[in-house]
Amino acid sequence: MIFSRKRDNAGRHGRDEALESYGTDEPATPARGPFDVSEAPADVPRLDLGSLQIPAVPDVEVRVQADPQGVIQQVVLVHGDNALQLGVFAAPRSEGIWDEVREEIRQSLLNDGAVAQEVSGEYGTELRARVRTPDGPTDLRFVGVDGPRWMVRGVYQGRAATDPAATGPLAECLDGLVVDRGHEAKPVREPLPLRLPREMAEQAAPAEEPREV
């Protein structure tokens with residue numbers, strides 16, 4: 001899927017409106033995330049994956065797919081029959097990208113014969129879709145949050161894809177997510193780098209060695 005740019009102010013939970021109501025230009029810490037690393041609450045245990053820091057939430061399993069060098073290709077949070085796949089991407093300083101990302105995902109799904117529609121959700125406009133898989137029809141719910149020079153995209157599967165009230169602890173993970181964009185220049189829409197913590201990479205390395213022989 002190809003990503004491009006446009007701003008969706010709703011993705012930051014009405015943050016701009018909150019600043020106006022206080023009549024100040026000083027940055028305010030949002031009530032919930034995803035947070036930029038500069039505004040994240042302190043003293044919260046998190047799994048540090050580089051550009052993403054995932055809060056430790058009881059009964060939520062973090063599954064990662066990584067190469068032998070520890071570079072993460074996929075992050076999925078699982079709770080019961082529900083799953084939330086996470087991705088984080090570079091965005092420009094001046095505008096968000098979720099509006100056009102969402103439209104291009106929608107067009108891609110429609111071209112593949114899926115059913116897709118936009119709905120209003122807690123994070124602004126979401127995209128819900130039903131896709132065909134070898135196991136039968138599967139429901140997906142795409143959410144996006146624009147932050148300062150980054151965008152988080154989440155894809156819900158399971159009952160949480162059609163019933164936001166069923167997200168349970170997965171919603172807590174998304175609300176507590178922290179993004180560390182870094183300062184280096186990156187092309188817009190490029191995935192931000194994710195890596196296993198050193199101790200996890202060292203534990204995984206022996207299991208990878210037989211496949212390299």
Side-chain angles (χ1 to χ4, degrees), residues 1 3 8-15 30-35 40-41 44-47 49 51-66 72-89 96-99 101-110 112-147 150-179 191-192 194:
M1 297 176 184
F3 296 153
D8 182 356
N9 288 330
R12 292 294 287 165
H13 320 306
R15 184 179 182 180
R32 63 174 183 170
F35 301 98
V44 176
R46 303 182 182 98
L47 175 63
L49 300 180
S51 295
L52 281 181
Q53 298 175 19
I54 301 173
V57 176
D59 302 322
V60 173
E61 179 184 357
V62 181
R63 299 179 182 176
V64 298
Q65 178 182 338
I72 295 174
Q73 310 297 325
Q74 182 173 272
V75 179
V76 180
L77 311 185
V78 179
H79 177 259
D81 295 330
N82 291 322
L84 173 61
Q85 183 177 348
L86 294 173
V88 61
F89 306 88
I97 60 176
W98 172 235
D99 277 2
V101 167
R102 186 179 65 252
E103 175 58 20
E104 291 170 9
I105 294 173
R106 189 181 74 87
Q107 289 295 335
S108 177
L109 290 166
L110 293 176
D112 290 339
V115 177
Q117 64 175 346
E118 293 184 339
V119 299
S120 180
E122 285 189 289
Y123 297 94
T125 305
E126 303 177 349
L127 184 65
R128 296 187 188 180
R130 173 163 289 186
V131 300
R132 294 191 295 265
T133 72
D135 297 326
T138 297
D139 291 308
L140 302 174
R141 179 162 62 96
F142 297 81
V143 300
V145 181
D146 286 315
W150 52 260
M151 184 204 74
V152 167
R153 184 195 65 198
V155 186
Y156 282 104
Q157 299 180 57
R159 193 159 65 91
T162 55
D163 180 10
T167 54
L170 294 181
E172 186 178 347
C173 290
L174 186 57
D175 287 347
L177 200 67
V178 174
V179 178
L192 298 182
L194 300 172

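If you're wondering where the values come from, they're calculated on a predicted model, not measured in any experiment.
Going from atom CG of L52 over to atom CG of L86 covers 6.5 Å, rounded to the nearest 0.5 Å. If you take CD on Q85 and CD on Q74, they are separated by 4.5 Å, rounding to the nearest 0.5 Å. The structure places CD of E61 at 11.5 Å from NE2 of H79, a figure rounded to the nearest 0.5 Å. Between L140 atom CG and E126 atom CD the span is 12.5 Å, to the nearest 0.5 Å. In this structure, the separation between CG on D175 and CD on E122 is 7.0 Å, given to the nearest 0.5 Å. Remark: R159 CZ to D81 CG distance equals 9.0 Å, nearest 0.5 Å.
Between A114 and R130 the shortest heavy-atom distance is CB-O, 3.3 Å. Contact detail for R46 and A40: the closest heavy-atom pair is NH2-CB, 4.0 Å. Minimum heavy-atom separation, P169 to P58: CB-O, 4.2 Å.
A cation-pi arrangement, defined by a distance under 6.0 Å to the six-membered ring centre and an angle within 45 degrees of its axis, is absent between R128 and Y156.
Heavy atoms from other residues, nucleotides or ligands lying under 6.0 Å from CZ of R132 number 12 at most.
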(request) Under the side chain to side chain contact (heavy atoms under 4.5 Å, CB included) rule, what do V143 and L174 come out as? Steps first, then yes or no, please. (result) CA-CA 10 Å; V143 300; L174 186 57; 4.0 Å; yes

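Looking at F35 and V145, their side chains never come closer than 4.5 Å, going by heavy atoms from C-beta outward. Annotation: side chain of V60 is not in contact with side chain of L84 (no heavy-atom distance under 4.5 Å). R153 places a side-chain heavy atom less than 4.5 Å from the side chain of F89. Looking at heavy atoms from C-beta onward, E118 lies in side-chain contact with E103 at the 4.5 angstrom threshold. Residues I54 and L177 form a side-chain contact, since some pair of their non-hydrogen atoms from C-beta on lies under 4.5 Å apart. Side-chain contact between P34 and W150 is present, with heavy atoms from C-beta onward closer than 4.5 Å. Contact annotation: the side chain of Y123 never approaches that of V152 to less than 4.5 Å [non-hydrogen atoms, C-beta and beyond].
The closest donor-acceptor contact from the side chain of D146 to the backbone of W98 lies under 3.5 Å. Looking at N82, its side chain does come within 3.5 Å of a backbone N or O of A160 through a donor-acceptor pair.
E172 is linked by a side chain to side chain contact (heavy atoms under 4.5 Å, CB included) to V57, counting only residues two or more places apart in sequence or in another chain.
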